[in-house]
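Proteins come first, then strands; the chains are lettered A, B, ... in the order of their sequence lines, and each starts at number 1.
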Amino acid sequence: MEVASIPAKKKAKTNGMVVNKWTGKVYSRRYHEILEKRRSLPVWFQKDEFLQTLRNNQTVILVGETGSGKTTQIPQFVLEAVHVEAEKNPRKWLVGCTQPRRVAAMSVANRVAEEMDVSIGEEVGYTVRFEDCTSSRTVLKYLTDGMLLREAMTDPLLQRYKVIVLDEAHERTLATDLLFGLLKRVLRNRPDLKLVIMSATLEAKKFLEYFSGAPLMKVPGRLHPVEILYTQEPERDYLEAAIRTVVQIHMFEPPGDVLVFLTGEEEIEDACRKIVNKLGDQVNVVPLYSTLPPVMQQKIFDPSPENRRKVVVSTNISETSLTIDGIVYVVDSGFAKQKIYNPSNRVESLLVSPISQASAHQRAGRAGRTQPGKCFRLYTEKSFNHDLQSQTYPEILRSNLANTVLTLTKLGIDNLVCFDFMDPPAPQTLARALNDLVYLGALDDEGNLTKEGEMMSEFPLDPQMAKMLIVSPEFNCSNEILSVSAMLSVPNCFIRPKGEAQKEADEAKARFGHIDGDHLTLLNVYHAYKQNNEDMKWCYENFINHRAMKSADNVRKQLMKIMSKFNLKICSSDFNNPNYYVNIRKALLTGYFMQVAHLDRTGRYLTAKDDQVVHLHPSCCMDHKPEWVIYNEYVLTSRNFIRTVTYIRGEWLLDVAPHYYHLPNFPNSETKRILEKLYNKRERKNLE
DNA sequence: GAGCACTGC
């Protein structure tokens with residue numbers, strides 16, 4: 001790359017005005033204004049150093065704290081370098097930059113388009129699920145990490161790209177972790193491809209070892225100093241301590257907004273009430289969590305009336321996804337709800353657990369964005385140093401990997417044990433995932449992808465759901481299974497306000513209720529929504545979340561497209577056919593036969609094979625307890641609940657999943673004895 | 001008779 005020649009090219013002028021090499025137009029005034037600001041960003045002081053490093057290495061690791069400008073500037077630097085080379089080589093090359101979140105990919109792309117004085121979707125674009133805002137002119141593309149992984153499925157060597165920038169690598173999302181291993185392989189086969197790993201704080205040593213030989217470049221951030229204050233003694237009750245701290249900040253500290261980190265919706269609402277009880281309208285208290293409607297979320301950005309102090313009580317959402325300016329004080333409870341996966345019973349659950357040191361660091365940083373701040377940690381310094389792990393466990397170690405294994409297999413990784421994971425998952429987790437995929441028919445006994453598995457891997461869904469979609473035409477109900485799948489893929493559509501309207505909401509929900517279960521209830525809701533022309537008012541009157549429905553419709557369209565691609569028939573039984581719902585329930589079971597529970601003689605449900613005692617979730621719409629049910633989710637909270645449950649018949653298990661309900665290798669249990677009876681009954685029938 | 005940290009394809 002001829003980095004040195006860049007300034008010369010910039011001198012192309014018309015009437016003394018500098019011309020934008022991308023559009024051939026004279027740069028706007030706005031461009032020059034922004035350029036001035038860009039030049040003061042910390043990364044600009046290391047621009048030449050970065051380009052030099054990139055020229056001499058295939059992989060570069062760049063660590064830059066918040067405010068360094070790396071996400072917007074580095075891809076543009078890369079582009080300059082690549083463009084110089086591309087002029088000699090007319091082949092089309094793309095610079096791709098991944099983000100863990102859709103919103104970030106879209107907003108950063110918009111910002112960079114503005115900085116480059118081009119229209120979004122032209123030279124600079126983005127690709128996220130449901131939206132591809134790029135064109136044949138695009139040279140710089142922001143995309144979600146999951147999207148790049150998808151692209152790798154059809155383009156294993158990522159031939160369209162000349163440079164890939166993996167941003168926010170420290171977050172260690174599942175997709176980013178898979179891309180690490182994948183890209184290492186691709187780099188070996190494509191000496192011309194370059195990779196830039198960008199991260200806030202990271203376990204530098206671990207990254208350097210993993211990308212052996214890659215140089216590490218550090219860029220300072222532009223944060224104001226944040227004073228860290230610990231408690232002298234461990235706090236017994238972090239909620240009470242958090243409220244007390246907010247009151248103290250309000251009474252003794254100079255003006256400035258407060259951000260409190262707690263763990264969940266209920267706790268946050270509770271804390272907000274208590275703070276209001278203590279301080280009344282001296283402060284402006286605002287809750288913040290993901291399920292809050294966007295209008296309410298927007299409230300955190302509104303200036304407080306009469307310059308009152310704002311207190312934002314938030315979940316982890318403001319640690320990564322949302323940035324609130326003007327925060328001067330952070331109160332860190334030291335806890336967050338985190339996903340835990342237990343491979344032995346395949347249960348994912350949310351558990352309130354201590355955060356990592358890296359996470360605590362990130363939280364503290366939120367206090368220093370606009371001026372020097374203070375962070376009150378509700379734990380002791382000793383606890384910080386000795387009890388908190390340095391980094392949060394990467395997601396890959398906390399997830400069910402069935403989908404991951406399917407993706408990797410599709411990507412041509414046939415020996416998972418040899419795959420170069422930065423943190424290899426537990427062998428038991430991988431084994432369980434492989435097993436499940438064999439049961440689902442996605443892999444054969446040798447672990448090779450089957451034709452069906454090939455199709456399943458193309459659906460952006462869990463393998464069970466993909467399976468039920470693929471078989472649904474055989475049950476003449478793919479239309480209905482598409483709708484159910486879409487509804488299961490979006491947030492809960494039922495709104496249940498606290499207080500007086502609750503009863504009304506429950507009655508509204510009951511009107512959609514289907515006697516045979518929740519999956520069919522969801523189908524009823526979807527049908528009613530369409531019959532009422534997707535009307536917002538109708539949703540409001542029926543306590544249905546309009547956003548969720550719109551998003552379900554979107555998902556449904558995407559899934560239908562994939563179905564058509566494989567020539568899977570889109571069909572329905574006649575609604576008056578007595579088997580209309582039977583067919584749907586059988587199709588559901590063909591995907592979810594591993595998530596079945598049986599009612600024992602004492603009136604408890606036991607999961608098939610694992611024999612765990614589970615309870616119907618109170619949100620379940622069935623007014624009776626059928627002998628056999630399938631469930632969509634196993635949730636571990638105050639009790640073991642199964643949620644979204646539908647009635648099935650035991651005999652169907654023998655038809656739909658004889659390999660899974662093969663008795664010789666079934667553990668001894670009441671369920672097994674019942675299954676034996678079913679098999680015997682069937683045999684007698686066959687003999688008659 | 002209870003809940004959904006947060007993402008993503």
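- The residue Arg101(A) sits close only to the backbone: its heavy atoms come under 4.0 Å of sugar-phosphate atoms, none of a base.
- Ion pairing of Arg160(A) with Glu151(A) is present here, as a side-chain N (NZ or NE/NH1/NH2) and a carboxylate O approach within less than 4.0 Å.
- Residue contacts shown for Val635(A) are absent, as no nucleic acid heavy atom lies under 4.0 Å away.
- Across all strands, Arg102(A) comes closer than 4.0 Å only to sugar-phosphate atoms, never to a base (heavy-atom distances).
- Comment: Arg150(A) does not engage Glu458(A) in a salt bridge, judged by the lack of any side-chain N to carboxylate O separation of less than 4.0 angstrom.
- Between Arg172(A) and Asp423(A), at least one side-chain nitrogen of the basic residue sits less than 4.0 Å from a carboxylate oxygen of the acidic one, meeting the salt-bridge criterion.
- Base engagement by Thr291(A) is indicated by at least one non-hydrogen atom pair under 4.0 Å involving a base atom.
- Among the protein residues, Asp145(A) comes within range of no part of the nucleic acid, since none of its heavy atoms lies under 4.0 Å from any strand.
- Mapping Leu461(A) and Thr315(A) onto DNA chain B by nearest heavy atom places Thr315(A) closer to the 5' end of the strand.
- Contacts between chain A and DNA chain B, taken as any atom within less than 4.0 angstrom of a protein heavy atom, begin and end at dG1(B) to dC9(B).
- Within 4.0 Å (heavy atoms only), Phe641(A) reaches sugar-phosphate atoms of the nucleic acid but no base atom.
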Do any side-chain atoms of residues 402-409 of chain A form donor-acceptor pairs under 3.5 angstrom with protein atoms, and if so which ones, sequence neighbours left out?
{"residue": "Asn403(A)", "atom": "ND2", "partner": "Leu461(A)", "partner atom": "O", "Å": "3.4"}
{"residue": "Thr407(A)", "atom": "OG1", "partner": "Asn403(A)", "partner atom": "O", "Å": "2.9"}
{"residue": "Thr409(A)", "atom": "OG1", "partner": "Val405(A)", "partner atom": "O", "Å": "2.6"}

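- In this structure Glu395(A) satisfies the salt bridge (Lys or Arg N to Asp or Glu O under 4.0 Å) test together with Lys339(A), sequence neighbours excluded.
- One finds no salt bridge joining Arg366(A) and Glu319(A) here, because no Lys/Arg side-chain nitrogen approaches an Asp/Glu carboxylate oxygen to under 4.0 Å.
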